[in-house]
**Q** 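Quick one: the structure is below, and I'll ask about it shortly.
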Amino acid sequence: MKMAAPLASKAGSAGTTSKPPFPELDFRSGARVEELNKLIQEFTKHDQREYDDQRALEIHTAKDFIFSMLGMVQKLDQKLPVANEYLLLSGGVREGVVDIDLDELNVYARGTDYDMDFTLLVPALKLHDRNQPVTLDMRHSALCHSWLSLRLFDEGTISKWKDCCTIVDHINGATNYFFSPTKVADWFYDSISIVLSEIQKKPQRGMPKVEKVEKNGTIISIILGVGSSRMLYDIVPVVSFKGWPAVAQSWLMENHFWDGKITEEEVISGFYLVPACSYKGKKDNEWRLSFARSEVQLKKCISSSLMQAYQACKAIIIKLLSRPKAISPYHLRSMMLWACDRLPANYLAQEDYAAHFLLGLIDDLQHCLVNKMCPNYFIPQCNMLEHLSEETVMLHARKLSSVRSDPAEHLRTAIEHVKAANRLTLELQRRGSTTSIPSPQSDGGDTNQPDDRLAKKLQQLVTENPGKSISVFINPDDVTRPHFRIDDKFF
């Protein structure tokens, strides 16, 4: 009898393994995980478009136009640094590539208003000659925010920028100039408008058509028509620092998912102040800390399946949580970075786990809303949802509950939206080019026309470096020869 038990157990085991495996299901919604994976792959296929030589040339033409325009802005009143370093990010501000509130931004839709979108951080001031950590004046601000006194700079800088400052007189008779994000944005918009007006008085063959220039809060949005493409540039005036802020110093002491994959020097090479204030902050004085440069480096360490899940989740929440604008895609990005710290790297590297990652991101976002808690990844003591009302967070949490109950249907909706945007783009292309930029193969008779090799090189850079930063070094006296860097590679 004692020997019969194992035999019976073996027989039972053999009988169980002979049955076909049951399809893996999501417990909450009942959705098949395999189907969710396929839907995410379909979304990715339509969301990530490949660029041919002509499109690559159009991207390059638009970039050159923007950089030339900024060179002319510098020459207007010499306010901008002569040798400047820009950070070019794939995706507009509305896509959450930087931590800026979306409340004051006009709604632009891909397909309807633009085909490709970029964010360009343009330093109005640079503080690159100090050793880390950088100590900022946060006495008047909420966490993650700061005022910026021009006392950190020389007299020449103060003289140039004092009309873009708020002035505080102290009891001892000293005058302090605080760099004002709203005044800087006003100056930047006015200067760009003057330059574009001058450019349009002398149009040149193949020059992009400026379809829209708008000031959205402290951001200047420009939509260019180039060939058959419409490109949105969200241009953000910033203050650029080398080193690392003292308020984020403790973050460096913790263990992170990128340890051993990239160096600490790459992660802490610099940070920005962007023109955004806290919920109760003073708009005229308060700037927000941004770690956009570091985030570009961290993205190198995120698996493709997690990034696919993030992009799909972002597409869902942008539509679903658009009113009221309490939740930004940047919040979702922060949650993804926290998840990378929390979960084992070999789990996140699984290629067929995109569905699990999508469901996890939705769960994380709902958890943050219910608890009204979303810590900033670099400054965890800063809760980015602290200012929201209980009514708002519960409204969004209920909306997310509907997504979690039927993720497949919401993915199908996101796929239809991106397919519709692509159809609009193709329709515009069929109707004809916005401007008459010759193709690399055509005989346009223009001696300055870029050749096929340039277009192929640009196509290679675009397709091989999706979502990476491009830092550009230009000389305003010779804007025809920009030197640009994709992450750490120079071209």
Side-chain angles (χ1 to χ4, degrees), residues 73-74 77-87 93 98-101 104 120-170 172 174-191 217-220 235-249 268-294 376 378-379 381-382:
V73 168
Q74 195 281 332
D77 50 16
Q78 308 295 314
K79 273 185 162 67
L80 294 180
V82 174
N84 215 351
E85 181 178 345
Y86 309 145
L87 184 67
V93 168
V98 287
D99 182 15
I100 290 182
D101 304 317
E104 296 183 356
L120 186 64
L121 304 189
V122 178
L125 286 175
K126 297 193 302 182
L127 203 60
H128 287 186
D129 58 347
R130 297 197 167 218
N131 294 323
Q132 60 178 0
V134 179
T135 303
L136 297 168
D137 184 359
M138 298 183 168
R139 293 171 297 173
H140 313 285
S141 308
L143 272 169
C144 245
H145 298 80
S146 178
W147 290 23
L148 182 67
S149 170
L150 289 193
R151 284 190 296 187
L152 295 170
F153 299 87
D154 57 41
E155 286 298 324
T157 301
I158 294 173
S159 178
K160 277 193 291 189
W161 282 107
K162 62 184 179 182
D163 57 334
C164 291
C165 293
T166 57
I167 301 172
V168 176
D169 292 319
H170 293 284
N172 62 8
T175 299
N176 202 349
Y177 295 94
F178 287 101
F179 207 42
S180 168
T182 53
K183 292 185 178 183
V184 169
D186 288 342
W187 164 82
F188 203 28
Y189 175 70
D190 291 342
S191 298
T218 52
I219 296 163
I220 293 85
I235 304 178
V236 187
V238 299
V239 181
S240 176
F241 293 84
K242 290 293 185 191
W244 198 247
V247 69
Q249 197 71 15
I268 65 171
S269 61
F271 68 99
Y272 299 98
L273 295 181
V274 296
C277 73
S278 60
Y279 179 63
K280 293 183 178 179
K282 190 174 180 182
K283 280 188 175 184
D284 287 344
N285 283 7
E286 197 169 82
W287 298 77
R288 180 173 298 162
L289 274 76
S290 169
F291 301 91
R293 186 182 293 278
S294 303
N376 182 286
F378 299 92
I379 307 177
Q381 59 270 36
C382 172

**Q** In Å, rounded to the nearest 0.5 Å, how long is the span from CG of Leu150 to NZ of Lys162?
**A**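 With rounding to 0.5 Å, CG (Leu150) is 11.0 Å from NZ (Lys162).
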**Q** Please examine the side chains of Arg288 and Asp99, heavy atoms only from C-beta on, and report whether any two atoms are closer than 4.5 Å.
**A**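 The answer is yes, as the side chains (C-beta and beyond) meet within the 4.5 Å cut-off.
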**Q** Quick one: OG1 on Thr175 to CD1 on Ile158, what's the gap to the nearest 0.5 Å?
**A**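 Taking OG1 in Thr175 and CD1 in Ile158, the distance rounds to 10.5 Å.
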**Q** Just wondering, do Ser149 and Phe178 contact through their side chains at under 4.5 Å, heavy atoms?
**A**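 Counting from C-beta outward, Phe178 and Ser149 do come under 4.5 Å.
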**Q** Okay, side chain of Lys126, backbone of Ser240: is any donor-acceptor separation there less than 3.5 Å?
**A**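 No; judged by distance alone, with no hydrogens or angles, the pair does not exist.
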**Q** Rounded to the nearest 0.5 Å, what separation is found between the CH2 atom of Trp147 and the OG atom of Ser180?
**A**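 Answer for the CH2-OG pair, Trp147 versus Ser180, is 10.0 Å.
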**Q** Compare every heavy atom of Val247 with every heavy atom of Met138, then report the nearest pair and how far apart it is.
**A**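 Taking Met138 first and Val247 second, the nearest heavy atoms are CE-CG1, 3.6 Å.
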**Q** Passes side-chain contact (heavy atoms from CB on, under 4.5 Å), Phe378 versus Ile268? Steps please.
**A** CA-CA 11 Å; Phe378 299 92; Ile268 65 171; over 6 Å; no
**Q** Does the distance from a Lys or Arg side-chain N to an Asp or Glu carboxylate O, for Asp284 and Lys282, drop under 4.0 Å?
**A**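 No, this pair does not count.
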**Q** As an exercise, state the distance from SG of Cys164 to OH of Tyr177, rounded to the nearest 0.5 Å.
**A**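 Here the rounded value is 13.0 Å.
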**Q** Working to the nearest 0.5 angstrom, can you tell me the gap between Asn376 CG and Phe291 CZ?
**A**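 Reported value, rounded in 0.5 Å steps: 6.5 Å.
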**Q** Tell me, please, which residues at least two apart from Thr157 pass side chain to side chain contact (heavy atoms under 4.5 Å, CB included).
**A**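 Leu125, Phe153, Asp154, Trp161.
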**Q** Any side-chain heavy atom of Arg151 within less than 4.5 Å of one from Asp137?
**A**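 No, side chains not in contact.
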**Q** Once side chain to side chain contact (heavy atoms under 4.5 Å, CB included) is applied, do any residues pair with Ser278, and if so which ones, sequence neighbours excluded?
**A**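 Side chain to side chain contact (heavy atoms under 4.5 Å, CB included) check on Ser278 returns Ala142, His145, Glu286.
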**Q** Given 3.5 Å as the limit, does a donor-acceptor pair link the side chain of Lys183 with the main chain of Thr166, or not?
**A**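 Not a single qualifying donor-acceptor pair exists.
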**Q** Does a side-chain heavy-atom distance below 4.5 Å link Leu289 with Leu136?
**A**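 Side-chain contact under 4.5 Å: yes.
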**Q** Are the side chains of Leu87 and Tyr272 in touch, meaning some heavy atoms are under 4.5 Å apart?
**A**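 The answer is yes, as the side chains (C-beta and beyond) meet within the 4.5 Å cut-off.
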**Q** Taking atom CG of Asp163 and atom CG of Asp77, what is their separation to the nearest 0.5 Å?
**A**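 So the CG of Asp163 and the CG of Asp77 are separated by 8.0 Å.
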**Q** Relative to the ring of Trp244, is the ring of Phe271 parallel (under 30°), tilted (30 to 60°) or perpendicular (over 60°)?
**A**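 Ring orientation of Phe271 relative to Trp244: perpendicular.
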**Q** Can you check whether Arg293 reaches Leu121 side chain to side chain, under 4.5 Å on heavy atoms?
**A**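 When only atoms from C-beta onward are counted, Leu121 and Arg293 do not touch, as no gap falls below 4.5 Å.
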**Q** Listed by chain and number, what are the side chain to side chain contact (heavy atoms under 4.5 Å, CB included) partners of Pro275, not counting sequence neighbours?
**A**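 Result, side chain to side chain contact (heavy atoms under 4.5 Å, CB included) vs Pro275: Pro181, Thr218, Val236, Pro237, Trp287.
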**Q** Is the shortest side-chain heavy-atom distance between Pro123 and Asn84 below 4.5 Å?
**A**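 Yes. Closest side-chain heavy atoms under 4.5 Å.
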